[in-house]
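Here the structure comes first, spelled out in structure tokens, and everything after it is commentary.
Index from 1, following the sequence.
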Amino acid sequence: LTDGDENTIELLAKIFDFVFNDKNLPSDIRGLIGGLQIPLLKAALSDKDFFFKEDHPARRLLDTMAISSVAWDQEKGRDDPLYKTIERIVERVQLEFEQQIELFSDAVSDLESFIAEEEQLSERALAEPIAQAMRQEKIQSARDLAEDDVAARIETGEVAGFVEVFLETQWTRILTMAHCVADSKPH
């Protein structure tokens with residue numbers, strides 16, 4: 001080994017020490033990332049840009065795995081789709097990497113695609129409950145406005161008792177509907 005190779009090994013060892021000591025990374029994910037030590041060592045030894053380019057594919061893979069691990073559902077454990085995706089990528093890199101840095105780019109793309117798909121699924125899953133909550137809030141706001149409108153008329157004391165009952169029970173519901181559709185049907 002040359003002095004440069006020894007320095008590369010030491011630097012990479014420090015990176016993995018940092019990863020293994022990071023308490024924010026779940027231990028199971030740390031174990032998966034640990035499986036990248038040899039391929040990353042090979043990549044760092046064959047491509048001197050590894051430490052000098054932040055966007056180096058091998059470094060991006062390591063970073064993306066670490067960052068995405070916060071989304072791992074530990075209750076699902078190794079059955080979580082994110083865990084399985086990372087595991088599959090690590091196995092692929094272990095089996096296929098020789099000297100082709102493009103493999104890391106493909107792996108990063110796979111992981112980023114998976115993360116993007118999961119985010120879209122989450123957004124879709126949340127869209128209906130959010131829309132429902134917004135509708136409920138709009139109805140409650142309309143009801144409050146209707147009750148305020150009726151209360152303003154009744155408080156004058158000029159309304160007969162039987163009309164008060166009608167306004168509070170029947171007319172409040174009609175005004176609530178009117179306030180609900182006022183934005184879409186102002187007429």
> Mind checking whether Phe114 and Ile86 have side chains closer than 4.5 Å, heavy atoms only?
Replying inline: no
> Rounded to the nearest 0.5 Å, how far does OG of Ser113 lie from CD of Glu118?
Replying inline: 12.0 Å
> Among Ile33, Leu25, Leu32, Ile29, which one satisfies side-chain contact (heavy atoms from CB on, under 4.5 Å) with Met65?
Replying inline: Ile33
>> Could you see if Ile154 belongs to whatever hydrophobic cluster contains Val163? Use Ile, Leu, Val, Met, Phe, Trp, Tyr and a side-chain cutoff under 4.5 Å.
In response: yes
> Backbone N or O of Arg153 within a donor-acceptor pair of the Thr156 side chain at under 3.5 Å?
Replying inline: yes
>> Check this for me: Glu128, atom CD, are more than 12 non-hydrogen atoms of other residues, nucleotides or ligands nearer than 6.0 Å?
In response: yes
> Is atom CZ of Phe166 surrounded by more than 12 heavy atoms (other residues, nucleotides or ligands) closer than 6.0 Å?
Replying inline: yes
> If you look at every heavy atom in Phe104 and Ala43, which pair is closest and at what distance?
Replying inline: CE1-CB, 3.7 Å
> Crowded around Lys53 NZ? As in, over 12 foreign heavy atoms under 6.0 Å?
Replying inline: no
> Among the clusters formed by ILVMFWY side chains lying less than 4.5 Å apart, do Leu40 and Leu11 turn up in the same one?
Replying inline: yes
>> Would you compute the distance between atom CD1 of Ile67 and atom CZ of Arg60 and round it to the nearest 0.5 angstrom?
In response: 10.5 Å
>> Could you tell me if the side chain of Leu82 sits less than 4.5 Å from the side chain of Leu111, heavy atoms only?
In response: yes
> Run the side chain to side chain donor-acceptor pair (under 3.5 Å) check on Asp144 and His179 step by step: do they pass?
Replying inline: CA-CA 10 Å; Asp144 292 344; His179 283 298; over 6 Å; no
>> Using 0.5 Å steps for rounding, measure from the OG1 atom of Thr176 to the CD atom of Gln140.
In response: 9.0 Å
Listed pairs under 3.5 Å, donor-acceptor, residues 90-97 side chains, sequence neighbours left out:
from	atom 1	to	atom 2	distance (Å)
Arg92	NE	Glu96	OE1	3.4
Arg92	NH1	Asp110	OD2	3.1
Gln94	NE2	Gly35	O	2.8

> Are the side chain of Ser141 and the backbone of Glu137 linked by a donor-acceptor contact shorter than 3.5 Å?
Replying inline: no
>> For Cys180, is there any backbone N or O sitting under 3.5 Å from a side-chain donor or acceptor partner on Lys138?
In response: yes
>> Can you give me the closest heavy-atom contact between Gln37 and Phe20, atom names plus distance?
In response: NE2-CZ, 3.6 Å
>> Are the side chains of Tyr83 and Pro26 in contact, using a 4.5 Å heavy-atom criterion?
In response: no
> When clusters are formed by joining ILVMFWY residues with side-chain heavy atoms under 4.5 Å apart, either directly or through shared neighbours, do Ile9 and Leu62 land in the same one?
Replying inline: yes
> Out of curiosity, Glu147 CD to Asp149 CG, how far, rounded to the nearest 0.5 Å?
Replying inline: 10.0 Å
>> Please report the interatomic distance CG(Asp17) to CD(Glu10), rounded to the nearest 0.5 Å.
In response: 11.0 Å
> Should we say atom CD of Glu75 is surrounded by more than 12 heavy atoms from elsewhere, each under 6.0 Å from it?
Replying inline: no
> Can you name the nearest heavy-atom pair linking Phe51 to Arg59, along with the distance?
Replying inline: O-NH1, 3.2 Å
>> Hydrophobic clustering (ILVMFWY, side-chain heavy atoms < 4.5 Å, transitive) - are Leu167 and Ile174 grouped together?
In response: yes
>> So, taking the atom named CZ in Phe50 and the one named CD1 in Ile15, what distance separates them when rounded to the nearest 0.5 Å?
In response: 5.0 Å
> Would a hydrophobic clustering, with Ile, Leu, Val, Met, Phe, Trp and Tyr connected at side-chain separations under 4.5 Å, put Leu145 with Val150?
Replying inline: no
> So, do Leu61 and Thr64 sit near enough that their side-chain heavy atoms are less than 4.5 Å apart?
Replying inline: no
